[in-house]
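Reviewing the structure listed below.
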Amino acid sequence: ASATLTVEDIIFDAGLDRGMFIQFLNFATRTLFAIGLPLVSILCPLHFFYGGQAAGQDKLSQFDMANVERGSWLCWVHAAAVWYVVLTVQWSVLSQKRPFVDHRNKWLMEMPAPRSTTVLIEDIKDGRNTEEQIRKFFEEVVFSKPVVKTVFVVKDTSDLDEALMKKRTISEMLALAQGRSQGELFKAIGPSVGQLMNELAEAESTVERLRRFTDQSDDYNMNSAFVTFTSRRDAAIVMRLFTTNDHEEISVSLPPAPDDVIWEDLLQKGSHQLIQAREMFGYFLVFLLFALFVPIVLWIAAIARWESLHATFGNLGFGQDPFAYAQEHYPEQVALWNGLVGTLVLTLLMSTVPSALMLIFQAFFVMKGKARLQLKVQIWYFYFLVVFVLLVTAIGSSDFGLLQTVTFLVRNPLEIFPRLAEKMPSSTHFYLEYLLVQWGVQALNITRYLNLIKYFALRQLYDEEESKKASEPEDQDFYGIGSLSARATLNLTIPLVFCTLSPLICFIGVVALLIARLAHSYLFVFAETRKPDLGGDFFHKQLVHTQQGLFLYVTLMTGVLMEKSSSWVPGAISASSILYLSNTYLRFEREFVLREMGLHEIEGDAAKLGIYAEGGAAQGQDQLPTNHYKQPQLPAPLPPPPPQSYMPAADVPGWFSWLGGGGAGSFHGGASSPPAPAKAAGSAARGSPLPPRRSMSPKNSPHGSLGRPGPFGGRSLPE
């Protein structure tokens with residue numbers, strides 16, 4: 001069934017980001033096929049018949065550039081092949097503009113309310129961070145008419161969170177005591193059921209009192225608020241009046257979707273200098289992680305091939321060399337070691353990187369939305385993969401030895417790229433094997449084995465329905481859209497970098513991408529729950545990373561041709577392609593702009609949506625998503641009151657000079673009627689106008705305060 005799903009089907013069921021992920025896999029498959037077919041047809045026979053047999057008895061390498069001897073005329077053919085690869089890839093990348101723009105424009109037009117009519121306000125000064133004052137500011141100073149539908153000031157819920165945690169703990173203890181599989185043991189060593197029920201009643205009473213008091217008291221107000229307007233056009237005007245970069249007293253940005261908000265990031269207090277200091281420390285930890293992985297990956301490269309293992313460990317103190325003995329008497333086992341051990345260990349090691357990055361970004365960066373956090377993971381995870389899977393592994397996968405490799409690079413850091421150019425042709429086998437392992441990894445993903453293991457573990461404590469609910473969603477560190485996008489881009493980048501050195505790798509990559517396409521089409525539509533959506537940011541970043549990988553390809557091929565050729569001209573021809581590549585890369589940056597909707601495109605209230613199943617629920621969802629921006633710990637919001645009648649006033653109160661001036665106005669009871677509502681927007685709905693479970697990412701940089709909040713001092717809870 002997944003083979004017949006189109007990109008439009010996946011967008012409808014799983015959101016634009018998942019649909020564009022499948023679009024990228026389609027693009028990558030077509031690109032590799034367009035490159036691989038002529039390269040395999042032309043270069044493989046030339047390597048085999050005219051290379052000079054430099055590869056010796058290695059049968060597979062006889063079709064690679066490793067079979068080409070120094071000074072061969074085939075270097076001229078490779079110089080032309082570099083231009084062909086660059087032209088083909090860049091044409092394919094730029095051809096993605098039209099489908100991407102069409103899908104994103106439709107997504108913007110169908111942006112759901114309240115997401116489409118809400119702005120996130122930050123840096124509100126103390127004393128002005130109340131619903132009344134924020135509403136007055138927009139309705140009297142900015143617009144001089146009633147425009148605000150709801151104002152939800154972010155509240156410090158640390159006291160309430162502590163009470164909720166206590167209640168949850170007691171509830172779980174009571175559930176165990178009332179007859180779960182460990183009930184008898186629990187009754188013998190734990191509190192009685194009656195005692196737990198009394199404690200639970202007391203905890204529930206405390207939670208309700210705290211919930212009401214936190215909601216009603218302005219003492220808990222933080223310096224951020226979500227303001228929802230009656231018209232999408234009004235929200236767009238506010239976004240343009242108060243950008244995050246215009247140094248106004250308040251900062252306005254596009255918020256995440258209601259069910260995507262990271263509330264902890266909005267509860268943090270501190271100056272912008274503290275924000276920058278914490279982010280700098282976060283980046284320091286990222287680079288420290290890089291430094292930590294270098295010796296580990298070099299060690300993996302040292303054990304990946306039997307020859308490297310021999311060079312690293314010698315004869316282990318034995319009189320007879322055990323590595324040479326095994327290679328002579330057990331060649332099949334040595335071949336299995338060369339083919340699987342290094343790639344499997346490296347794949348497992350790289351799977352830990354997203355979790356480490358998540359911990360760093362959550363602790364030291366203000367992301368505000370889970371989808372935005374995924375995007376940051378995608379960016380840095382891709383660079384980790386390129387550095388450690390492509391570069392460090394290629395440097396270390398030789399017979400030079402681990403200690404000698406590290407010592408050489410520390411003493412001669414400028415020799416990294418010449419060494420890469422020297423070792424790349426002979427290390428293609430490792431990457432062929434790496435992509436073959438990805439076939440199995442992609443096929444294994446469709447089983448969702450981790451969710452299954454989690455389900456059976458939880459089944460020992462909870463009933464079937466609770467266990468099923470608790471086992472979802474899948475691990476968002478490794479299986480989130482950010483990590484998936486980074487790994488998919490790497491599975492395209494590896495064949496691109498090695499496509500002329502070992503043309504057969506293109507078809508290995510095509511199969512890996514096709515398996516990924518089948519697996520993830522099924523998972524997105526039929527297995528996984530709907531996730532927050534950024535509207536194509538991940539796809540855009542995948543195209544950027546693909547072109548950056550192409551820069552690496554041109555650089556390394558230029559070095560290889562300089563090393564192999566007896567003339568500098570083939571290397572110069574290869575290097576000249578970087579001029580065209582740079583020009584088209586800059587063109588891409590200019591044309592692929594993730595724009596928001598212009599005011600002329602917004603005709604009124606939020607556009608009617610066409611992304612729902614019958615009955616209003618998003619496809620694949622059991623319940624409707626959150627349709628407001630009030631914190632989930634607080635009581636659900638009441639329906640907004642009818643708009644007040646409006647009469648202009650002569651003067652503006654002095655405390656209202658937030659921006660050094662502005663329009664005037666005041667609100668009064670009376671007979672005058674409110675302004676007529678704006679005309680309904682654009683396209684007709686294909687389904688219910690209720691909001692979908694997907695997010696539209698802010699394009700503005702995150703602002704706000706860092707530092708973990710503590711309870712406000714001096715406040716007491718009324719009895």
Next on the checklist: Closer than 3.5 angstrom, by distance alone: can the side chain of Q631 be matched with the main-chain N or O of K155 as a donor-acceptor pair?
Outcome noted: yes
Next on the checklist: Assess the residue pair L267 and T157 against the criterion (side chain to side chain contact (heavy atoms under 4.5 Å, CB included)); give the C-alpha distance rounded to whole Å, side-chain angles, the decisive distance to 0.1 Å, and a yes or no.
Outcome noted: CA-CA 8 Å; L267 296 177; T157 58; 4.0 Å; yes
Checklist entry - Do any N or O atoms from the side chain of R530 and from the backbone of D13 form a donor-acceptor pair under 3.5 angstrom? => result yes
Checklist entry - Just by distance, do the side chain of T352 and the backbone of L349 share a donor-acceptor pair under 3.5 Å? => result yes
Item to check | CD1-CZ distance between I379 and F361, expressed to the nearest 0.5 angstrom | outcome: 8.5 Å
Item to check | Reported CG-to-CZ distance for the pair L200 and R168, which is rounded to 0.5 angstrom | outcome: 12.5 Å
Item to check | L344 and V437: CA distance, side-chain angles, deciding distance, side chain to side chain contact (heavy atoms under 4.5 Å, CB included) verdict | outcome: CA-CA 7 Å; L344 284 175; V437 168; 3.9 Å; yes
Checklist entry - So, N129 side chain and I124 main chain: donor-acceptor pair closer than 3.5 Å or not? => result no
Checklist entry - Are E466 and R459 within salt-bridge range, i.e. N to O under 4.0 Å? => result no
Item to check | Cation-pi geometry met for K149 and F229 (6.0 Å, 45°) | outcome: no
Checklist entry - Just by modelled atom types, is the N627 backbone N or O under 3.5 Å from a matching donor or acceptor in the R115 side chain? => result no
Item to check | P532 vs P256 side-chain heavy atoms within contact, under 4.5 Å | outcome: no
Next on the checklist: With a 6.0 Å cut-off on the ring centroids, do F12 and W107 count as close?
Outcome noted: no
Checklist entry - Any idea how W380 and Y383 line up, ring-wise: parallel (<30°), tilted (30 to 60°), or perpendicular (>60°)? => result perpendicular
Please output the side-chain donor-acceptor pairs of residues 474-488 that fall under 3.5 Å, not counting sequence neighbours, one pair per line with the distance.
from : atom 1 : to   : atom 2 : distance (Å)
E474 : OE1    : R448 : NH2    : 3.0
E474 : OE2    : Q476 : NE2    : 3.1
E474 : OE2    : K531 : NZ     : 2.8
D475 : OD1    : D477 : N      : 3.2
D475 : OD2    : F478 : N      : 3.4
Q476 : NE2    : E474 : O      : 3.1
D477 : OD2    : S355 : OG     : 3.1
S483 : OG     : D477 : O      : 2.5
S485 : OG     : I481 : O      : 2.7
R487 : NH1    : F478 : O      : 3.1
R487 : NH2    : F478 : O      : 2.8

Checklist entry - Can you list the steps and then say if V227 with I134 is a side chain to side chain contact (heavy atoms under 4.5 Å, CB included)? => result CA-CA 8 Å; V227 180; I134 293 171; 3.7 Å; yes
Next on the checklist: Tell me every residue that passes ring pair (Phe, Tyr, Trp, His ring centres under 6.0 Å) with Y449, counting only those two or more places apart in sequence or in another chain.
Outcome noted: none
Checklist entry - Between F213 and Y220, how do the two ring planes meet: parallel, tilted or perpendicular, split at 30° and 60°? => result perpendicular
Checklist entry - Going by heavy atoms in the side chains, are L266 and L120 under 4.5 Å from each other? => result yes
Next on the checklist: Going by ring pair (Phe, Tyr, Trp, His ring centres under 6.0 Å), name the residues that satisfy it together with F526, two or more places apart in sequence or in a different chain.
Outcome noted: Y522
Item to check | side-chain contact (heavy atoms from CB on, under 4.5 Å) involving Q273 - partner list, sequence neighbours excluded | outcome: S271
Item to check | Heavy-atom check, side chain of F539 versus side chain of L534, under 4.5 Å | outcome: no
Item to check | Heavy atoms from other residues, nucleotides or ligands near CD of E208 exceed 12 (cutoff 6.0 Å) | outcome: yes
Item to check | Result of checking R135, K136, R128 against E132 for side-chain hydrogen bond (donor to acceptor under 3.5 Å, both in side chains) | outcome: K136
Item to check | Check: D265 side chain, K368 main-chain N or O, donor-acceptor pair, under 3.5 Å | outcome: yes
Next on the checklist: Test of understanding: with side-chain hydrogen bond (donor to acceptor under 3.5 Å, both in side chains), list the residues that count as partners of S171, not counting sequence neighbours.
Outcome noted: none
Checklist entry - Would a distance-only check, ignoring hydrogens and angles, find a side-chain to backbone donor-acceptor pair under 3.5 Å from R517 to I22? => result no
Next on the checklist: When you compare the side chain of F21 with that of Q542, does any pair of heavy atoms fall below 4.5 Å?
Outcome noted: yes
Next on the checklist: Looking at T230 and V147, would you say the former's side chain and the latter's main chain have a donor-acceptor pair under 3.5 Å?
Outcome noted: yes
Item to check | Separation between NZ of K469 and CG of D463, rounded to the nearest 0.5 Å | outcome: 11.0 Å
Item to check | S471 (side chain) donor-acceptor with K468 (main chain) under 3.5 angstrom | outcome: yes
Next on the checklist: For a 4.5 angstrom cut-off between non-hydrogen side-chain atoms, does Q362 reach L373?
Outcome noted: yes
Item to check | Nearest-0.5 Å distance that lies between atom CG in D17 and atom CD1 in I11 | outcome: 9.5 Å
Next on the checklist: Side chains of N491 and Q442, heavy atoms from C-beta outward: is any pair under 4.5 Å?
Outcome noted: yes
Item to check | Check: Y629 ring centre within less than 6.0 Å of W263 ring centre | outcome: no
Item to check | Worked check of side chain to side chain donor-acceptor pair (under 3.5 Å) between D123 and N223 | outcome: CA-CA 6 Å; D123 303 328; N223 301 104; over 6 Å; no
Next on the checklist: Donor-acceptor pair, distance only, cut-off 3.5 Å: does the side chain of S205 make one with the backbone of E202?
Outcome noted: no
Checklist entry - Less than 4.5 Å apart, any side-chain heavy atom of M111 and any of R232? => result yes
Item to check | Ring centers of F365, Y283 separated by less than 6.0 Å | outcome: yes
Next on the checklist: Test side chain to side chain contact (heavy atoms under 4.5 Å, CB included) on L634 and T214; report intermediate values, then the result.
Outcome noted: CA-CA 8 Å; L634 301 177; T214 304; 3.9 Å; yes
Checklist outcome for this item: By salt bridge (charged side-chain N to carboxylate O under 4.0 Å, His left out), D215 pairs with (sequence neighbours left out) K630
Checklist entry - Centres of the F538 and F24 rings: under 6.0 Å? => result no
Checklist entry - If you count the non-hydrogen atoms of other residues, nucleotides and ligands that lie under 6.0 Å from NZ in K166, is the total more than 12? => result no
Checklist entry - How are the rings of F290 and F384 set relative to one another: parallel (under 30°), tilted (30 to 60°) or perpendicular (over 60°)? => result parallel
Checklist entry - Is F364 close to E279 at the side-chain level, that is, under 4.5 Å between some pair of heavy atoms? => result no
